[in-house]
2 protein chains.
Amino acid sequence: MSVTIKDIAKSAGVSYSTVSKALRDSPLVKKPTKDLIMAVANELGYQPNIAARSLVSKKSFTIGVVWPTIEQTVLSKLITTINKELEELSYTTLISINEVKSALKIFSRYQVDAILVFDSSQSIVSSYSDVPIVMHGLANKQTPYPVIDVNRQKATYQAAQYLYKMGHRYISYIGDVEGDKLQKEKVKGFEQAILELELPTYSFQKIRVNNFEQYDGYEAAKQLLTLAKRPTAILTGSYDLARGALQAIYESNLSIPNDISIISYDNFPALEHFDIPLSTVGVPLDKISEKTIEILMKVINDEEVETKIFMEPELKITNSCTKIS
Amino acid sequence: MSVTIKDIAKSAGVSYSTVSKALRDSPLVKKPTKDLIMAVANELGYQPNIAARSLVSKKSFTIGVVWPTIEQTVLSKLITTINKELEELSYTTLISINEVKSALKIFSRYQVDAILVFDSSQSIVSSYSDVPIVMHGLANKQTPYPVIDVNRQKATYQAAQYLYKMGHRYISYIGDVEGDKLQKEKVKGFEQAILELELPTYSFQKIRVNNFEQYDGYEAAKQLLTLAKRPTAILTGSYDLARGALQAIYESNLSIPNDISIISYDNFPALEHFDIPLSTVGVPLDKISEKTIEILMKVINDEEVETKIFMEPELKITNSCTKIS
DNA sequence: TTGAAAGCGCTACCAA
DNA sequence: TTGGTAGCGCTTTCAA
């Protein structure tokens, strides 16, 4: 049996309701008493029983995170950040990797204060009980809970526009052209730029990759570089693809940005891994995280929240891009 | 307020202790009564309050998983498998990505039935309260809780021995030669084979990679294939490295296994992605998972458990290896 | 400033 | 086979 407040009360010679107050740092307890109780609690290795506490106080200070697809690196970075920020707000984060429906059930049984769902499928999830839900995914349907989405199309659109403005007329996009909705949005932004600039389609090229690994970017870029009319700028759909493309460019003895400018779609700003930091476009991870925390706190406190939150991308240009004449 | 057993009791016209029994499918309740109660519970969207339940029954049917490093793919596969198997045993899995110490605190406050820790650092963790701990990591020290480890050294040793027996005299190892303890063990097994076979060291080559991605394997293999005396067999430290090596081999117009035999260290058996399935060596993932569940159930039921569980690797040979003369 | 006591939702025991 | 009730560990009144 673990230590309870009654054990502390007995040991400290006070009533257990006083112990409860002292542990919550209530102003109703005198400093010496409080100190004594704290000391005893520490010595006994007391850990509060969350079950009992949330049973009476109706608050668990816990956020349930539903994360059925644990392999994506972007998500793992984002979740790590969110976890850290919630910790600072003295919230505990618990993750379930079960499918959305059963994870929701689990968390509602655990009476968490809110549930954060990461789900790229477009299904509307329905809540059990009255635990508020916040979702990360595609904000296309009308949902009864807030959905946080990022504007991928605008990101690639912005990047292509920028490269055009810098004088580039042969721009290639490396990405999953036939991929899921998320990937298609990126392609769409690129295509939209072509259309608006009234350029011949051959001056904009899309290279399809099947995976998002460094090697796929490498292969795709290799292919581009052997072209008679090779691109002066490359836009990649992800960070790893960009890394691969960089390798291919170096192997061909070309230099960045003199021979080729490169921008990567990504949510991590300032990728300083390389000799030349990579230009990126996308919604910065910390802004997504910040927004998520904000929405979570709002739903927990029963405040009004818009149900579609569409975050705007930012273009961060470094020395990996240059003007050409 | 969510619905409680009292709401169900009122609605069904029975006492709430009967409801409690019915919901737990107790034989003490008559079938018709049970059916009625179930129907009402369903209709009302009842979800049991785990806090209240575990407060009285001292059992939460929940396993806390401590997973501070969420990026590793092997772990995510393993945890997914474990999660699934626990679900079938009607246990709920909750994951924390906080650092070990604070995660342990969280789970002990939640009164989980057991905590599963994934930690490759060699620190001994000390439990709060009396929640039993099972660890996945390096079984080198004496610990007060069971640690499950896999024999990496024996794996690469076995593979090298096998390749030798098949007539190979020029064998290369691609892996993180300067890496952490886990990686070094793999290298050690390879070196041990050289030693025991009393071979000149030049006939066994180690190629160092900095990362474990496909591209790194590709680069390393490229390097090997340009050698005057190129290896007849390659052993890689991971699946992704093997994939890269395969790419390099194909690009060089060499064939597997006729020109080069290849074995990968890995815990996933039967990697059928390729034209030729890859030979692997390592402890199969499902065996690790099975063992983990077994140990978890034992500690939960207070049974005796050995504190060092060292799992033996298996060599699975496919057409990616051949005998040479 | 402290203590006593009610009650959160549930299980488990005993009585009916 | 059902109902009544004590009590899990805690917070939160209210009384002392």
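Heavy atoms only: backbone and side chains are in, while hydrogens, waters and symmetry mates are out. A note on names: the letters A, B, ... follow the listed sequences, proteins ahead of strands, and every chain is numbered from 1. Worth saying up front: this structure is predicted, and the values here are computed from it rather than measured.
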Listed pairs, N/O of protein and of nucleotides 2-4 of chain D, under 3.5 Å:
| residue | atom | partner | partner atom | Å |
| --- | --- | --- | --- | --- |
| dT2(D) | OP1 | Thr33(B) | OG1 | 2.7 |
| dT2(D) | OP2 | Lys30(B) | N | 2.9 |
| dT2(D) | OP2 | Thr33(B) | OG1 | 3.4 |
| dG3(D) | OP2 | Ser15(B) | N | 2.9 |
| dG3(D) | OP2 | Ser15(B) | OG | 3.2 |
| dG3(D) | OP2 | Thr18(B) | OG1 | 2.7 |
| dG3(D) | N7 | Ser17(B) | OG | 3.3 |
| dG3(D) | N7 | Lys21(B) | NZ | 3.4 |
| dG3(D) | O6 | Lys21(B) | NZ | 2.6 |
| dG4(D) | N7 | Ser17(B) | OG | 3.2 |
| dG4(D) | O6 | Ser17(B) | OG | 3.2 |

Open item on the list: Between the opening five pairs and the closing five pairs of the helix from dT1(C)-dA16(D) to dA16(C)-dT1(D), how far apart are the helix axes, to 10°?
Closed with: 40°
- [ ] Identify, with sequence neighbours excluded, every residue that meets ring-ring contact (aromatic ring centres under 6.0 Å, His included) alongside Tyr145(B).
- [x] none
TODO: Identify, with sequence neighbours excluded, every residue that meets side-chain contact (heavy atoms from CB on, under 4.5 Å) alongside Lys184(A).
DONE: none
TODO: Take the protein atom CD1 of Ile5(B) and the nucleotide atom C1' of dG9(C), then report the distance between them rounded to whole Å.
DONE: 6 Å
TODO: Scan residues 4-26 of chain A for pairs that pass salt bridge (charged side-chain N to carboxylate O under 4.0 Å, His left out), counting only residues two or more places apart or in two chains.
DONE: Asp25(A)-Lys34(A)
Open item on the list: With no hydrogens and no angle check, just 3.5 Å: does a side-chain donor-acceptor pair link Ser289(A) and Glu85(A)?
Closed with: yes
Open item on the list: Does dC10(C) have OP1 or OP2 under 4.0 Å away from a side-chain N or O of Tyr46(B)?
Closed with: yes
Open item on the list: Does dG9(C) have its OP1 or OP2 closer than 4.0 Å to a side-chain nitrogen or oxygen of Lys58(A)?
Closed with: yes
Open item on the list: Can you list everything that forms a ring-ring contact (aromatic ring centres under 6.0 Å, His included) with Tyr91(B)? Sequence neighbours excluded, please.
Closed with: Phe61(B)
- [ ] Report the nucleotide, chosen from dC10(C), dG9(C), dC10(D), that has the shortest atom-to-atom distance to any side-chain atom of Val56(A).
- [x] dC10(D)
TODO: Would you please name every residue forming a side-chain contact (heavy atoms from CB on, under 4.5 Å) with Val74(B), sequence neighbours left out?
DONE: Asn267(B), Leu285(B)
Open item on the list: Counting only side-chain nitrogens and oxygens, does Arg53(B) get under 4.0 Å of the OP1 or OP2 atom of dG9(C)?
Closed with: no
Task: Whole-Å distance separating the CG atom of Leu55(B) from the P atom of dA6(D) - done: 17 Å
- [ ] Taking side-chain contact (heavy atoms from CB on, under 4.5 Å) as the test, write out the residues that go with Thr92(B), two or more places apart.
- [x] Ile106(A), Thr62(B), Leu94(B)
- [ ] Examine dC10(C): is either OP1 or OP2 under 4.0 Å from a nitrogen or oxygen in the side chain of Ser20(B)? Give yes or no.
- [x] no
- [ ] Just jot down the side-chain contact (heavy atoms from CB on, under 4.5 Å) partners of Thr80(A), sequence neighbours excluded, or say none.
- [x] Lys84(A), Ile70(B), Ile97(B)
